[in-house]
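Have a look at the structure below, then the notes.
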Amino acid sequence: MVDTSPPRSAPTLVLIDASGFIFRAYHAIPPLTTSKGVQTNAVLGFTRMVLKALRELKPTHVALAFDKESRTERQKIDPTYKANREGPPEDLVPQFALIRRVVEAINVPVLEVAGWEADDVIGTLAVKAKAEGFCVQVVTGDKDFVQIVDSDVRLYDPMKDVHTEPADVKARLGIEPGQMRDYLALIGDAVDNVPKVPGIGPKTATELIQQFGDVETLLSRLDEVKKPKIRENIASHRESLLRAKQLVTFKTDLALDVRMADLARRPLDAQRSRELFTELEFFALLKELPQQDGAAGTSEPPKEQPAPLTVTPTLVGSDAELTRLAGAAREAGAVTLIPAYEGAPFAAKLVGLGVALPDGQTAYVPLRHAQLGVTQVKPESFTAAFREVLEDAAVKKGGHDLKALSLVLANDGLTLHGAHDDVELLSYLLNPSRREHALVDLARERLYTELPPLPNAAEGKRGKKDRALADHTVEEVATGFAIRAEAARRLAPELWKELEAAKLAALARDMELPLLPLLARMERRGVLLDTAELSRTSVKVDAAVEAQVKEVYRHAGREFNIGSNPQLVEVLFTELKLPVIKRGKTGPSADQEVLEKLSEEHPLPGAIIEYRSLSKLKSTYLDTLPTLVAADGRIHTTYHQAATATGRLSSTDPNLQNIPVRTDLGREIRRAFVAAEGHQLVSADYSQVELRLLAHIANDAVLIEAFLHDEDIHTRTAAEVFGVAKEQVDREQRRVAKMVNFGIAYGLSPHGLAARLGIAQDVARDIIERYFTRYAGIKRYLEETVSVARKTGYVETLYGRRRYMADLNSKNRGVAQAAERAAINMPIQGTAADLIKKAMLAVDAALEAQKLSARMLLQVHDELLFEAPDAEVEAVKALAVKAMSSVADLKVPLKVDVGAGRSWADAH
DNA sequence: GTAAGGACGTAC
DNA sequence: GACGTACGTCCTTACC
């Protein structure tokens, strides 16, 4: 991992594992389409990586190796090799042709040999080049390539920026590079159907290799293996082990008619690259291309790309430096901040602060490091020096998860204003389907930089748990947070540019960013929990659960773990021989729907349903909520503003958006959420908001008229569907209509409706058909949404929030239909999310304007919960109704129901 | 002991 | 498969 530059005299050959990177890029980058709907994520990732490898390694010779009918030769050894691999995903296939065009434009020779994988081509060429005195750099992320590493052959992973030479292999894996194939043969590869020896994992494999050197020696001296189980397993898998070694071993003697001179680096075709990158909308890459055609004529390798991200942060150690830093931020009018802290932001104290200024200067402010003998600044000095800058909205703040920053700063009495460049939020708006917007991932994808792992620093929840801050040197922490600040600073303009291009910038500026500080205040305020009330319910439920367990055992005829699905399935379907209604991936299902059907035949399923509902309430709410009460007696949830594919918020620790409401027992739990002394909880919720939005968006005359007359919407639908007068609609018809209304925005199917209503599928089909006859606008909208989405590759809300839909053109009908339903639903659910976000801002502004001390506490998708002093209750009710219902001017009125009371249950 | 994934159930 | 979006719990499995 030291100096990777080759000796100057030796020519360098770079061999790129093209096929490997295409798949890696495809999975690493979210579905990305051009404005014409051409998906390009794999093309972009591939192109970036190739250009980066060329830039970093500056080779004299280069080649791209592709797989070609790659399984065939190895399948002669083992027909099952990669047999369980599916072909490439549908949305990747068309990208191969684009990649070929990129390859031609950047003018890099291609190598492929029918029947062989890129691995073998590279192995062969590496040997050949080495013999001719070349230094070889293999560009790959695949650990299998370790086997060809030696003093002249090194690996480079441009995505992680990791170089590998023989000493690194020894250090990381404890084996020599040449022993990699023996190691791989022992542990096998489930994905490629390479057989493994049972009971041998990486650790045992390493030990065995260290003891015996290779697989053949191991087999010949098997009696020396100490553990009997391992010995037996190796003995009985002798054949498959040897076969596995053949499978994982790279060929190095393919008949390749290539001379090194053919691989001499050629200049890229700048004209062609420009055209292609423009077509593919690779704007960032476009900037790296030589500006004039003249440059293409020279043999110099092209000059590209920003410098790799490195920082030399100032370690702030005195009040004078603090003042200087704050002054520089004020002067510049912008600053990017990444806080170091541990635990939940609501309770955390700021340990240190990474800072990046617009001019590229970086700094780290150490405040509360546990290490002794570290020069730090006093927290009071920090607050004194930075208060003005932090609290001045005119100084634009950048970072990643500024809500967390805001919460942590609040614990030092600071109020963050001017949140502007939250790269997590900006990235989310660009692609809300993406699982995470971790800074490490954004930096890897967009800045080609691997950030060193650190705790609680926007690593994302998938990130491995790192050590505590105290286990890092302060210097590591300083560099780590400063480079994060700098990474965020550099990411922001690029993200904004893409937001502008996708017409999403207004959403960012006017909705999400203003919402951020409000969410921080809601979290910080928390909601009061009446633990005494909750524990009364808890005692009651504990007893009920206990009694129900006995009841279940009695009906089952024996004791078993009711919570264990396999055991439950055994009892129901094997012992009691009840019919299997449906199957999941792993076996018969025993969910509520199944149990309800079975309860006609046996008392046990009913008892289990009752048990489940009680134990769910107990474990999820009654046992858990009291443990989450903070020192102030209140519960502080965390809202996630960059979590859902539709634009909704989500809530965790605890999730306050799924507190029960339907059953009596559920409502008892809501009774424990209360207002402080002298206050009441005020709840305001949108009535039928999604159906109203459907009426507006689909512009359906009947539905609009119904809402304009404030009719009972389910009765009206029943009248329409069953062709009777509204007065004639009976309860059953209304129930059916309600279900249809409820399901229609979710892509309701005859089967789904039939299952939920317990009616025949053709009856359900008939009902849906009649619905669409009466509500022709809805039908038109649903069809149009899907067909437009198929063309553009995305769907959007009334306010332009976008969701890319990759699976609509899937050849798998099930997958495509699921995507259609999601596409139908997103504009409705997403617009509802937009509306309530706007409402939150409006209500908050109104509270402020009227100088009320009532505060917003919770948002539950269509409901806002406030805590108001008794004297303000009526004012808050009126204000909430007014602000929420006037937040948009639609073809139908927005109706808001409002209530107040001591507890959340009473407020409904 | 820990981590990952499935099944299930709560909300809107 | 079969109606959209979330999150939390429990359990099992596979690893240490």
Nucleotide C/dG8, atom P - distance to NE2 of A/His640 in whole Å: 7 Å
Output the rounded distance in Å from CG (A/Leu691) to C1' (C/dG4). 14 Å
Looking only at side-chain N and O atoms, does A/Asp653 offer a donor or acceptor that is under 3.5 Å from a partner on A/Thr638? no
Inspect the surroundings of CD in A/Gln567 and state if more than 12 heavy atoms from other residues, nucleotides or ligands are less than 6.0 Å away. yes
Every protein N/O lying under 3.5 Å from an N/O of nucleotides 10-12 of chain B:
residue : atom : partner  : partner atom : Å
B/dT10  : O2   : A/Asn658 : ND2          : 2.8
B/dA11  : OP1  : A/Val661 : N            : 2.8
B/dA11  : OP1  : A/Arg662 : N            : 3.2
B/dA11  : OP2  : A/Arg662 : NE           : 2.9
B/dC12  : O3'  : A/Asp862 : N            : 3.4
B/dC12  : O3'  : A/Asp862 : OD1          : 3.1
B/dC12  : O3'  : A/Asp862 : OD2          : 3.4
B/dC12  : O2   : A/Arg648 : NH1          : 2.7
B/dC12  : O2   : A/Arg648 : NH2          : 2.8

Write down the distance between CG (A/Asp591) and C1' (C/dC11), rounded to a whole number of angstrom. 16 Å
With a 6.0 Å cut-off (strictly less than), is the heavy-atom count around CZ of A/Arg813, excluding the residue itself, greater than 12? no
Regarding A/Gln829 and A/His861, is there a side-chain donor-to-acceptor distance under 3.5 Å anywhere? no
Tell me which nucleotide among B/dC8, C/dC7, C/dT9 gets nearest to the side chain of A/Ser589. B/dC8
Pairing donors with acceptors under 3.5 angstrom, does anything connect the side chains of A/Gln657 and A/Ser650? no
For residues 778-785 of chain A, tabulate all N or O donor-acceptor pairs below 3.5 Å that involve a side-chain atom, not counting sequence neighbours.
residue  : atom : partner  : partner atom : Å
A/Lys779 : NZ   : A/Glu783 : OE2          : 3.4
A/Thr785 : OG1  : A/Tyr781 : O            : 2.7

Report the distance from atom NE2 of A/His751 to atom P of C/dG1, rounded to the nearest whole Å. 11 Å
Touch class at under 4.0 angstrom, heavy-atom based, for A/Asp685 against every strand present: nothing
Starting from C1' on C/dG1, measure out to CZ on A/Arg821 and report it in whole angstrom. 8 Å
When all nucleic acid strands are considered with a 4.0 Å heavy-atom cut-off, which category describes A/Ala590: base, sugar-phosphate, or nothing? sugar-phosphate
Touch class at under 4.0 angstrom, heavy-atom based, for A/Thr624 against every strand present: sugar-phosphate
How about A/Ser651 and A/Thr637: does a side-chain donor come under 3.5 Å of a side-chain acceptor? yes
Could you work out, with side chain to side chain contact (heavy atoms under 4.5 Å, CB included) as the rule, every residue matching A/Val629, not counting sequence neighbours? A/Leu529, A/Thr531, A/Ile635
I'd like a table of atom pairs between the protein and nucleotides 12-14 of chain C - only N or O on both sides, under 3.5 Å - with the distance next to each one.
residue : atom : partner  : partner atom : Å
C/dT12  : OP1  : A/Ser564 : OG           : 2.7

Using a 4.0 Å heavy-atom cut-off, does A/Gly747 contact any base of the nucleic acid, only the sugar-phosphate backbone, or nothing at all? sugar-phosphate
For DNA chain C, write out the stems as range with range, using runs of 3 or more consecutive Watson-Crick or G-U pairs with both distances under 3.5 Å. B:1-12 with C:4-15
Who are the side chain to side chain donor-acceptor pair (under 3.5 Å) partners of A/Glu820, not counting sequence neighbours? A/Arg790
Tell me: CD of A/Gln859 to P of C/dC7, nearest whole Å? 13 Å
For C/dC7, does either OP1 or OP2 sit under 4.0 Å from a side-chain N or O belonging to A/Ser650? yes
Please give, in whole Å, the distance from B/dG9 C1' to A/Leu614 CG? 13 Å
In terms of side-chain heavy atoms, does A/Ser903 have a donor or acceptor partner in A/Asp906 at a distance below 3.5 Å? yes
Are OP1 or OP2 of C/dG8 and a side-chain N or O of A/Ser619 less than 4.0 angstrom apart? no
Whether the A/Tyr686 and A/Ser885 side chains hold a donor-acceptor pair (N or O, under 3.5 Å, no angle test) is what I'd like checked. no
What is the distance, to the nearest angstrom, from the OH atom on A/Tyr611 to the P atom on C/dT9? 15 Å
